[in-house]
Amino acid sequence: MSDVIKLLPDSVANQIAAGEVIQRPASVIKELVENAIDAQATSVEIILKDAGRTLIQVVDNGVGMSATDARLAFERHSTSKIRKADDLFSLATMGFRGEALASIAAIAQVELRTQRKEDEVGTFIEIEASKCLRQEPGYFGTGSSFMIKNIFFNVPARRKFLKNNQVELSNILREFERLALVNYGTDFTLSHNGNVMYQLRGESFKQRIVALFGRTFDTQLIPVGIDTSLIKIDGFVCRPENARKRNQQQFLFVNGRFMRHPYFHKAIMSAYEQLIPADEQPNYFLNFSVDPGSIDVNIHPTKTEIKFENDQPIWQIINAAVKEALGRFSLAPTIDFDNEDAPEIPTFSASRRDVEQPEIALDSSYNPFNQPRKSSSSVVGRASSINRSNSNDSARDWDKLYENFSRESTSSIVESSVDDLPPSSEPEQQTISDEDISMKAMQVKGRYILSQAKSGIMIIDQHRAHVCVLFNRFMAQRRTNVLHSQRLLFPEVLHLTQPQSLIVEEIAEDLRLVGFDLSSLGGNDWSVNGVPSDIDGLDVQDLLNKVIESVIDGGESLSDRLFEHVALKVAEQAAIPYGRLLSDAEMESLMGDLLQLPSPNYTPDGRLVINILSTDSLNNMFQ
């Protein structure tokens, strides 16, 4: 038997490595801009075509490279950042792996023009799929210019999974925000298809935040600053009243590097306890400076996961710093009970004549628990009648109200007919007739609907059932182009970020077919003039934010099924929530609509909607 283990060719190994480092066009921009910052660039220009599919060009005014360095830079594990393993624990640069340029060259066509200040001529290099096609001298000015063309041209499977241009551009803009924030002293220019989207000049951290996210942040930002032996923190948190349910701007940086750190995020959230609702989160922009030897950034090729040696004491420092900042700006109101000048707190008692109090007549002889016991009946049927239109009258009639709770201890809540019971469990006397069962369906725990079926009991998940109904209604609207839209008396204004606004432009037609009427107000603001007729009472901005995020994070190309994706997300947000009590008419209507669908048993994304508890299973429970 011949040997089966073979050494992979360099081209294949490079493509495998590229899959870890280069996931999308935004990854290319991250790596090239970080290299420019490491090269001491004070100005970086990013030029895009077709959201980076056709062209990504990054031009910097850094120190440039010699002819030898320029060629060697595209080899795997070649870097100027470290020399030995110990250097990994004293990093002062963004890059250090020596994989970025090799990975980019493995999946794209690359042209590099670079020149050092002390050289009379520079170097031009053309590489395609890791193969150097030519290298020649030329004059280009100090710095480097990388042109990345036709990303994933030689990996069609990877290129197929790129999303549409608006989603990819949105990902690029989010990555650009991180890079521009942490390098706020550097000039940045970003243009797409000939249109300048950002032109930022080196400025303060606060000015860079306002330039990226709008002037409204100017009055929201609260400075945070603390310097200890373990960590130095500076940056800003936002006022509690500006917390959001969705679309938070939350950024953590350590030693000039963006990071994701759920543990430190919890420290910030803990400082806002009792200041914001549980379902909202604050905006924050915090820079950490720590000893490079106390952190490990060599966890993942993207270098956004970082381990801290002293994470627990740092948690306490972060929490205290944010609390101190909020308290310094009097955002946590307190009452000084020891202060003699404190305003008097009014007290109220029954003796106060200046306070009008309603007189309530009470019948002292009445005791609802001493009423005559009456025959049992369907508790579900009676309880539902209390919740309907006669609830006010029932509340006044105490006898009728407490009649629902009085029942014989030996009686059943719900009984089937005698014929449905197995012979061995046949009762000696039937106490409830079929006429006592007044409901065709009943609700359990505000989540499930129970109804009789030929084969047993049908159990329906009310939220998922409504998702199916709404989704199929949206799909029918698309086929017939008959919209069920409700005009808003007062249009709502959406204040979006630029990445979000790009997504709205992409899915505007799909939102229209679902029932939304949107119009651009210029910039990143949109007016919501109409909503689908089935989503009354919902937070429109929160719903649209969730739809936008679901499109961005869809995981694969949505170009062929974008409408279905949008329709499903709108249906999920607009469907009856768990915990909502339904009337008999609402339950019957929902079941009727559901059972008329061609596929009522599962939601469009494959979740179970209907389950049947068979009669045999019920009988076995009482054996």
Side-chain angles (χ1 to χ4, degrees), residues 440-441 443 446-454 458-488 503-504 506-518 528 530-540 542-551 553-612:
K440 296 182 181 179
Q443 192 179 26
R447 184 182 184 103
Y448 302 107
I449 298 174
L450 272 59
S451 180
Q452 295 185 29
K454 291 182 179 180
M458 179 168 59
I459 306 172
I460 301 174
D461 185 301
Q462 69 180 38
H463 173 76
R464 295 179 183 179
H466 202 204
V467 169
C468 291
V469 171
L470 292 179
F471 177 80
N472 281 271
R473 190 172 300 167
F474 294 150
M475 296 302 294
Q477 290 179 195
R478 184 188 188 192
R479 291 190 295 269
T480 61
N481 204 26
V482 177
L483 305 181
H484 298 282
S485 181
Q486 176 180 336
R487 298 284 296 181
L488 296 179
I503 297 300
V504 171
E506 175 69 19
I507 65 176
E509 178 61 19
D510 296 307
L511 290 172
R512 186 191 70 82
L513 292 173
V514 171
F516 285 98
D517 180 5
L518 303 177
V528 182
V531 297
S533 57
D534 301 288
I535 65 167
D536 292 342
L538 286 183
D539 186 334
V540 176
D542 186 49
L543 186 153
L544 287 175
N545 282 334
K546 291 178 180 178
V547 172
I548 292 167
E549 289 182 10
S550 71
V551 173
D553 302 327
E556 59 184 77
S557 176
L558 298 172
S559 57
D560 297 331
R561 58 181 190 89
L562 182 58
F563 178 81
E564 288 82 354
H565 184 86
V566 172
L568 177 59
K569 292 304 174 182
V570 173
E572 289 175 348
Q573 298 303 316
I576 298 170
Y578 293 122
R580 175 180 164 184
L581 299 181
L582 304 178
S583 66
D584 293 350
E586 288 174 327
M587 287 188 286
E588 292 177 9
S589 174
L590 179 59
M591 288 193 300
D593 292 341
L594 176 67
L595 297 177
Q596 289 178 5
L597 301 179
S599 301
N601 292 332
Y602 293 92
T603 61
D605 54 349
R607 294 175 294 168
L608 186 66
V609 177
I610 301 175
N611 206 342
I612 300 294

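Remember, predicted model here, so these are calculated numbers, not experimental data. Numbering starts at 1 and runs along the sequence shown.
- Enclosure of atom OH in Tyr578 by more than 12 non-hydrogen atoms of other residues, nucleotides or ligands within 6.0 angstrom is indicated.
- Gln462 places a side-chain N or O within donor-acceptor distance of the main-chain N or O of Gly446, the cut-off being under 3.5 Å.
- Shortest non-hydrogen contact noted between Phe474 and Ala567 is CD1-O, 3.6 Å.
- You'll find the side chain of Leu518 stays beyond 4.5 Å of the side chain of Arg512, heavy atoms only.
- Atom CZ of Arg464 is separated from atom CD of Glu572 by 10.0 Å, given to the nearest 0.5 angstrom.
- Atom-to-atom distance recorded for Met591:CE and Leu582:CG is 10.5 Å, nearest 0.5 angstrom.
- The shortest side-chain heavy-atom distance between Thr603 and Val609 falls under the 4.5 Å cut-off.
- Distance CD/Glu509 to CG/Leu511: 9.5 Å, rounded to 0.5 Å.
- Between Arg473 and Asp593, some side-chain heavy-atom pair lies under the 4.5 Å cut-off.
- Looking at heavy atoms from C-beta onward, Val528 lies in side-chain contact with Leu488 at the 4.5 angstrom threshold.
- Checked by atom type and distance alone, the side chain of Gln443 pairs as donor or acceptor with a backbone atom of Arg580 at under 3.5 Å.
- Each of Ile459, Ile460, Ile449 was compared with Ile610 under the side chain to side chain contact (heavy atoms under 4.5 Å, CB included) criterion, and only Ile460 meets it.
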Practice task
Report the C-alpha separation of Val469 and Leu590 in whole Å, then their side-chain angles, then the decisive distance to 0.1 Å, and conclude whether the side chain to side chain contact (heavy atoms under 4.5 Å, CB included) test is met.
Solution key: CA-CA 8 Å; Val469 171; Leu590 179 59; 4.2 Å; yes
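- Side-chain contact between Ile576 and Glu586: absent, with no pair of heavy atoms (C-beta onward) separated by less than 4.5 Å.
- The structure places CG of Leu594 at 10.5 Å from CG of Asp461, a figure rounded to the nearest 0.5 Å.
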